[in-house]
Amino acid sequence: MKSKFGLGWLIAVYLFLYLPILTLVVFSFNDSRLNTSWGGFTFKWYAEIVNDREIREALWLSLKIAFFTATASVILGTLAAFAMVRYTKFRGRTLFSGMINAPLVMPEVIIGLSLLLMLVSVQRAFGFPERGIMTIWLGHTLLGMAYAAVVIQSRLMEMDKSLEEAAMDLGCRPHQVFRLVTLPMISQSMVSAWLLTFTISLDDVVLSAFLSGPGSTTLPIVIFSRAKLGLSPTINAVATVMITIVAVGVIFGSIWLARQEKKRAEEQAAAYREAQPT
Amino acid sequence: MADAAQTGNSGNSSILRINKLTKKFGDVAAVDSVSIDIRKGEIFALLGASGCGKSTLLRMLAGFETPTSGAIVLEGEDITRMPPYQRPINMMFQSYALFPHLTVTQNIAFGLERDGMPSDQIDARVNAMLDLTQLKAFAKRKPHQLSGGQQQRVALARSLAKRPRLLLLDEPLGALDKKLREQTQIELVNIISEVGVTCVMVTHDQEEAMTMADRVAVMQSGRFLQVGAPREIYETPQTVYVADFIGNVNLFKGSLTVDEPDYVMIDSPEGKIYVSHGITGTQGMAVQVAIRPEKICLQRTAPTPAERESAREDGYNCVRGIVKNVSYLGSYTTYHVKLDTGMTLKVMNSNDARHDENRLDWDDTVYAWWDGSDVVVLTQ
Ligand SMILES: Nc1ncnc2c1ncn2[C@@H]1O[C@H](COP(=O)(O)OP(=O)(O)OP(=O)(O)O)[C@@H](O)[C@H]1O
Ligand SMILES: [Mg+2]
């Protein structure tokens, strides 16, 4: 009785989460222009995307920005996490960690607005930077860095500190310790952080809306502005493409992680069995 | 306080000199003005309760903590401020700290590669280490594919690979279970003596210190209370803390009544005590008398003068009480004997006879007695 109720809830929640997405995917193959009736199966909306220059360019721009954002976020996030976990005694540490984490809780509209205000005044004073790919990238990196720092920080904190001491004891200078021991230890979390910030950047609308200029519209903004003009199957098709990109990344990423984990557990168990006297 | 020069054999030359080394964390001195000479080739154990500063002292030797004051001199060279990566000292960590992304071979070769040793020499050295620690079969494995005992041997091999002039061991067997630990203690000592490296180890397990070390330093609140060979520390502790910390002990409080150069007598509420060696003290002085549980005999009748070590002991060194607890522990039995004064005496007798007709049991009235030469008088 109770478990049936629980199961019902579970199904309801999953339907609520995934039914809209499923509908969207299904209707991207709909041969009718109307989003309400099924007119047969077709690929024509996908063909239309390929011919739609605005969407093509927006997708390419979004991917570029996401790539550079993820890369920059992981580098800066690693440095920030390292400073917070390993150098526990520097001045203004609390302020620093607060500032690193602020973008996580601050409403994105506020961040976007304040960045825009800053950009406008900088632009007025120095004549650059023009709003465009560069400024979107900066804004996304600000946000992504905070996420990356949190992910990498938690890995660094659980890492045995004596590993670094052992490296130093065996003759590593501090930079060698980082390269030969710390970096390999946190590499997995850096990959996770990269994937996370990549997707965050890829589907960001708010920051991009504030920071983009003429000729630099990202894909979510294109979808958003077209959706305002009325729903169209092309948008469904574009959205399906984006979902596919993200889903493939997430699925492959988690399969890889799970494999790694399983292999490790098996090997550990084997070592344990072997050590037992028979 | 004991001085290194006074204790043990002083034939070997000193390799490491620690001079008035102090480390303060805030106002608290974790290590408080410690001076000691470590001899070439010995295993020196730092023994003490949790928080007494053992690890801090060891970490200063490794270079992970900077001393507040004092000096560390290794073979005549002052290394007090030298960074860890330049010291000819290697450490084996309690958690082993094996690099999880490297194989056993790579772990052992790690330090040699940092030194820029040619690769054929590295191979030879690593192979020698694998032989020494019997890890040949596991050379290609990663640390998580090894059992605890195997990981411990990899950690040892890695810390010996650079042929350090001083090896530091922080609770080397702390992560192993009891049975494996006892077996590994001997193995570890054998390997260390085969290599001939001088070794400073930290432990809070007194049995481990006694089994492995040539000399033991008992620490309390950042200071050395006593330094000496394990037997010396056990048989002639100098303070109540040391007597109590190393093994079990019965302590009688009393005052000195007769103070002769070759014997002393002490009055305590439990009875009169005769000690067959002189001590440095004055008549009437308050002292504590320590007797190990295994040095006490228990029997149903009072000891005859013939059983005594000397005629002077008649009427001394014997107390009466009631057996309140008997724990049979296989090779020996421990008894708790309640004396008239309320004090509980711990006694440990070995069970060498298979059928002991006179076996003592609960609530038996017994005489507990001991020899005047087995008594230690503690004046502090
Ligand atoms: N980094 C530090 N900052 C402040 N206090 C410290 C630090 N390291 C150690 N202490 C203090 O110094 C004292 C000695 O610590 P230490 O780790 O040397 O003890 P220990 O003898 O190794 O104990 P254990 O057997 O528990 O390992 C303790 O009171 C501890 O709280
Ligand atoms: Mg410790």
Side-chain angles (χ1 to χ4, degrees), chain A residues 78 85-90 152 154-192 256-278, chain B residues 55 58-59 61-65 83-102 106-117 137-138 141-152 154-155 158-162 164 166-168 170 176-177 179-180:
Chain A
T78 305
V85 177
R86 286 290 177 262
Y87 302 96
T88 47
K89 275 183 281 190
F90 65 92
I152 294 162
S154 69
R155 176 74 187 100
L156 264 182
M157 279 198 296
E158 74 190 22
M159 177 181 162
D160 183 0
K161 216 182 154 212
S162 56
L163 283 176
E164 288 169 347
E165 284 177 349
M168 213 183 282
D169 187 65
L170 291 166
C172 280
R173 274 142 207 289
H175 69 271
Q176 290 174 315
V177 174
F178 183 77
R179 189 163 50 85
L180 296 168
V181 176
T182 318
L183 214 51
M185 301 272 67
I186 60 172
S187 59
Q188 228 175 53
S189 68
M190 287 169 77
V191 172
S192 308
W256 180 71
L257 281 180
R259 280 243 178 98
Q260 214 78 343
E261 202 62 34
K262 195 170 156 218
K263 190 169 145 228
R264 208 185 143 83
E266 274 168 5
E267 286 172 349
Q268 223 153 11
Y272 180 76
R273 268 200 308 279
E274 211 173 273
Q276 297 299 313
T278 40
Chain B
S55 297
L58 201 72
R59 290 170 57 78
L61 297 183
F64 301 133
E65 303 280 1
Y85 46 86
Q86 284 171 354
R87 297 190 182 199
I89 294 176
N90 284 122
M91 174 150 163
M92 192 182 122
F93 291 78
Q94 176 170 6
S95 60
Y96 306 145
L98 298 175
F99 304 125
H101 58 293
L102 301 180
Q106 289 167 331
N107 262 287
I108 299 174
F110 191 89
L112 304 171
E113 282 162 2
R114 299 288 80 68
D115 284 357
M117 191 187 246
F138 310 104
R141 297 217 185 159
K142 295 267 180 75
H144 70 268
Q145 296 169 282
L146 300 174
S147 72
Q150 290 157 357
Q151 289 181 14
Q152 190 263 349
V154 179
R158 188 180 68 177
S159 57
L160 286 173
K162 291 182 81 172
L166 182 65
L167 176 68
L168 307 175
D170 191 358
L176 302 179
D177 55 49
K179 192 150 182 206
L180 190 56

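We name chains A, B, ... by the order of the sequence lines, and we start the count at 1 in each one. What you are looking at is a predicted structure, and each value in this text was computed from that prediction instead of being measured. Only this structure's heavy atoms are used, side chains among them; waters, hydrogens and symmetry mates stay out.
- Between chain A and the residues B:Q86, B:R87, B:R158, B:Q94, the most heavy-atom pairs under 4.5 angstrom are made by B:R158.
- Using a 4.5 Å cut-off between heavy atoms, B:E113 makes no contact with chain A at all.
- Put simply, CG on A:D169 and CE on B:M92 are 12.0 Å apart, with the number rounded to the nearest 0.5 Å.
- In this structure, NZ on A:K161 lies 11.0 Å from CZ on B:F93, to the nearest 0.5 angstrom.
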Derivation and outcome, side-chain contact (heavy atoms from CB on, under 4.5 Å), residues A:E165 and B:M91: CA-CA 10 Å; A:E165 284 177 349; B:M91 174 150 163; 6.0 Å; no

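- Residues forming a salt bridge (charged side-chain N to carboxylate O under 4.0 Å, His left out) with B:R141 (at least two apart in sequence, or on another chain): A:E274.
- To the nearest 0.5 Å, atom CD1 of residue B:I108 and atom CG of residue A:L170 are 11.0 Å apart.
- Residues of residues 144-151 of chain B lying under 4.5 angstrom from chain A, judged on non-hydrogen atoms, are B:H144, B:Q145, B:L146, B:S147 in numerical order.
- Annotation for B:Y85 and A:P174: closest pair CE2-CD, 3.7 Å, computed over non-hydrogen atoms.
- For A:L180 against B:H101, the heavy-atom pair with the smallest separation is O-NE2, 3.1 Å.
- The parts of A:A167 that come within reach of chain B are both its backbone and its side chain, each placing non-hydrogen atoms under 4.5 angstrom from that chain.
- For a residue to count as touching a neighbouring chain, one of its non-hydrogen atoms must lie under 4.5 Å from one of that chain's; by this rule A:A166 touches chain B with backbone and side chain alike.
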Residues B:R114, A:Q176; criterion side-chain contact (heavy atoms from CB on, under 4.5 Å); working and verdict: CA-CA 9 Å; B:R114 299 288 80 68; A:Q176 290 174 315; 4.2 Å; yes

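- For chain A, the option among B:Y96, B:F110, B:F138 with the highest count of heavy-atom pairs below 4.5 Å is B:F110.
- Annotation: maximal heavy-atom pairing with chain B below 4.5 Å, among A:C172, A:A269, A:S187, occurs at A:C172.
- Contact of B:L98 with chain A is made through the backbone alone, with heavy-atom distances under 4.5 Å.
- Of the atoms belonging to B:L168, not a single heavy atom falls under 4.5 Å from chain A.
- Considering every non-hydrogen atom in both B:F99 and A:V181, the closest pair reads CE2-CG2, 3.7 Å.
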